2 protein chains.
Amino acid sequence: MTDINFSRGPTNPDSQGATSPAPRLAELRWDIIELLFFAYRDFVGDADHELEAFGFGRAHHRVMHFVYRYPGLKVADLLDVLRITKQSLGRVLKQLLDEGYIVQKTGNNDRRQRLLYATPKGEALVAKLAGLQTDRITRALRDINPEGVAAISQFLRAMIDRDDPDKVLEAIFGTGSKKPRE
Amino acid sequence: MTDINFSRGPTNPDSQGATSPAPRLAELRWDIIELLFFAYRDFVGDADHELEAFGFGRAHHRVMHFVYRYPGLKVADLLDVLRITKQSLGRVLKQLLDEGYIVQKTGNNDRRQRLLYATPKGEALVAKLAGLQTDRITRALRDINPEGVAAISQFLRAMIDRDDPDKVLEAIFGTGSKKPRE
DNA sequence: AAGATATGTCAACATGACTGACATAAATTT
DNA sequence: AAATTTATGTCAGTCATGTTGACATATCTT
């Protein structure tokens, strides 16, 4: 049936790269690279299935998530966090507004701003999706002690770029280095 | 300037959900959910930038990666791993074949099969991308002790679905439970 | 009053998914 | 040997989500 050569690792990689730059094949972290790929694939897969029932995609989930988690988020903030263009955001945001998952409120100080808030309907969706993902996370953390959990958190944080952090990342990392007091 | 309400967490979420199912908002792992989002975004971002120089996208990277790592992978295996349709795979695979990053060899036992192998050119690309990602991983693991690293590995493994594992996952997890001896 | 900023929108396009239908060669079953 | 199944490839059309560029409007700042 599956009579394929499935010995792990490339067949003698160093001997084949006749013209390749031979870049430190030994110390590459293939293990973590692949684990991250599969873990993230299944992690987002949980939400993907549920989203189909709503006629939404991942893009809608991301918007709903951050609007729910950071109430009063401005459109510009959302663009920073998601790193997409306003045209892309506009499409999904319009749908979420039209279908009553999100509401806009004009900014108090700056009336140009549209502050975004999740409606109860939106909250329910976000909570449902986060519940599925939390189930997976809780399962995965079950047999890991507090020190291990701390290491996981530290690792994930250290994987994130800290240059030019957006408002959400500032909140997550508690960047108190902007406007120290004043 | 940014005079937005940025207090963490939704404003009293339980009081707003008049009609929502109020699903255990307390114990949701928002922290890990968001860390995974940002960590994965920046993790794949490393490769994305480099891929632009080659005129390739993420799809090409995934194919190259697994073909390099598991030499002699069949097309069908690749479809299982990537969980895409053969039409989608066909497009990127054709490009990679045409441009000399991958070669096909007819299966020895089953001449219908096309076994896939990375060329030196393909190996160089994969190694370059894996190098970038390894740099980030190594940096993130720098201050974590061996027990912590073990916990991270255990966590990522436990995040992955084990029902119906593909050939790559079997290799990663060393599933010796199929055809125990016989 | 002039300029900058925050947001929205129209139009065109690219990538990478998808479905459905169909073709070919080779293996397997009857 | 013939029929069926399997592994792969391909054509054609669609969808979701990203992109660029141009432009409009309201509002804040200078």
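The structure displayed is predicted, hence computed values, not measured ones. A note on names: the letters A, B, ... follow the listed sequences, proteins ahead of strands, and every chain is numbered from 1.
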Show your working on salt bridge (charged side-chain N to carboxylate O under 4.0 Å, His left out) between B:Asp98 and B:Lys94 and close with a plain yes or no.
-> CA-CA 6 Å; B:Asp98 289 348; B:Lys94 191 172 190 310; 3.3 Å; yes

With respect to the side chain of B:Ala59, which nucleotide from C:dG16, C:dT7, D:dC28 is positioned closest?
-> C:dG16

How many Å lie between CZ on B:Phe54 and C1' on C:dT15, as a whole number?
-> 19 Å

For A:Gly57 and A:Lys86, take the nucleotide of DNA chain D holding the closest heavy atom to each; which residue's nucleotide lies nearer the 5' end?
-> A:Gly57

Of the nucleotides D:dG9, D:dT19, C:dT7, which one has an atom closest to the side chain of A:Ile84?
-> D:dT19

Once you round it to whole Å, what is the distance between C1' of D:dA16 and NE2 of A:His61?
-> 17 Å

Correct closest heavy-atom pair for B:Leu156 and A:Ile32 would be CD1-CG2, 4.4 Å

Grab the two heavy atoms, one from A:Gly57 and one from A:Leu51, that are nearest each other, plus how far apart they are.
-> O-CD1, 3.6 Å

Between atom NZ in A:Lys105 and atom P in C:dT7, what is the gap in whole Å?
-> 16 Å

Of A:Arg112 and B:Arg111, the one whose nearest nucleotide on DNA chain C sits closer to the 5' end is A:Arg112

Do you know the tightest heavy-atom contact between A:Val63 and A:Leu96?
-> CG1-CD1, 3.7 Å

Spacing between B:Leu51 atom CG and C:dA14 atom C1', to the nearest angstrom | 16 Å

The correct set of residues in residues 87-97 of chain B placing a heavy atom under 4.0 Å from DNA chain C is B:Gln87, B:Ser88, B:Arg91

Aromatic ring pairing B:Phe54/B:Tyr101, orientation class (parallel under 30°, perpendicular over 60°, tilted between) = perpendicular

Worked verdict on B:Phe43 versus B:Phe37 for ring pair (Phe, Tyr, Trp, His ring centres under 6.0 Å) = CA-CA 10 Å; B:Phe43 169 69; B:Phe37 170 77; over 10 Å; no

Starting at atom CG of A:Asp110, determine the distance to atom C1' of C:dT7, rounded to an integer number of angstrom.
-> 11 Å

Which comes earlier along DNA chain D counting from the 5' end, the contact point of A:Thr85 or that of A:Arg114, where each point is its nearest nucleotide?
-> A:Thr85

Give the rounded distance in Å between these two atoms: CZ of B:Arg41 and P of D:dT17.
-> 18 Å

Between B:Lys167 and B:Asp80, does a salt bridge (charged side-chain N to carboxylate O under 4.0 Å, His left out) hold up when you go through it step by step?
-> CA-CA 8 Å; B:Lys167 298 203 91 61; B:Asp80 287 342; over 6 Å; no

d(CG, A:Asn108; P, D:dT27) in whole Å | 14 Å

Expressed in angstrom and rounded to an integer, what is the separation of A:Arg58 atom CZ from C:dG16 atom P?
-> 14 Å

